[in-house]
Amino acid sequence: MKIEDWLLEILACPKCRSPLRVDAAASELVGTSADCGLAYPVRDDIPVLLIDEARDPAADAVPE
């Protein structure tokens with residue numbers, strides 16, 4: 001997955017407008033807001049910034 005630094009600087013979460021960080025292992029861009037934190041897929045090096053396509057990592061976590 002390759003996201004140019006200049007592009008990452010201007011991208012934001014469509015839901016909460018927080019900056020995004022790269023999660024290369026999961027091929028996702030993840031919102032940095034603690035309230036939202038949605039993870040958006042990157043397919044063929046193109047970020048898919050659609051809320052309907054996003055994954056909520058907090059919902060995937062198993063409570064102990």
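Every value quoted in this text rests on a predicted model; they were computed, and no experiment measured them.
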Do the non-hydrogen side-chain atoms of [X] and [Y] ever get within less than 4.5 Å of each other?
X	Y	answer
D45	I3	no
R43	E53	yes
L29	L11	yes
L49	Y40	yes
L20	C13	yes

ILVMFWY cluster, [X] and [Y] together (side-chain gap under 4.5 Å):
X	Y	value
L38	V48	no
W6	V22	yes
V42	I10	yes

At their closest point, which heavy atom of A39 faces which heavy atom of E28, and how far apart are they? CB-OE1, 3.4 Å
Tightest non-hydrogen contact, residues G37 and P57, listed as O-CD, 3.2 Å
Can a donor-acceptor pair be found, under 3.5 Å and without considering hydrogens, that links the side chain of D44 to the backbone of I46? no
Counting N and O atoms only, with roles assigned by atom type, does the side chain of S18 sit under 3.5 Å from a partner on the main chain of G31, one being a donor and the other an acceptor? no
Measuring from I51:CD1 to K15:NZ, what's the distance to the nearest 0.5 Å? 6.5 Å
From R17 CZ over to S33 OG, what is the distance, rounded to the nearest 0.5 angstrom? 12.5 Å
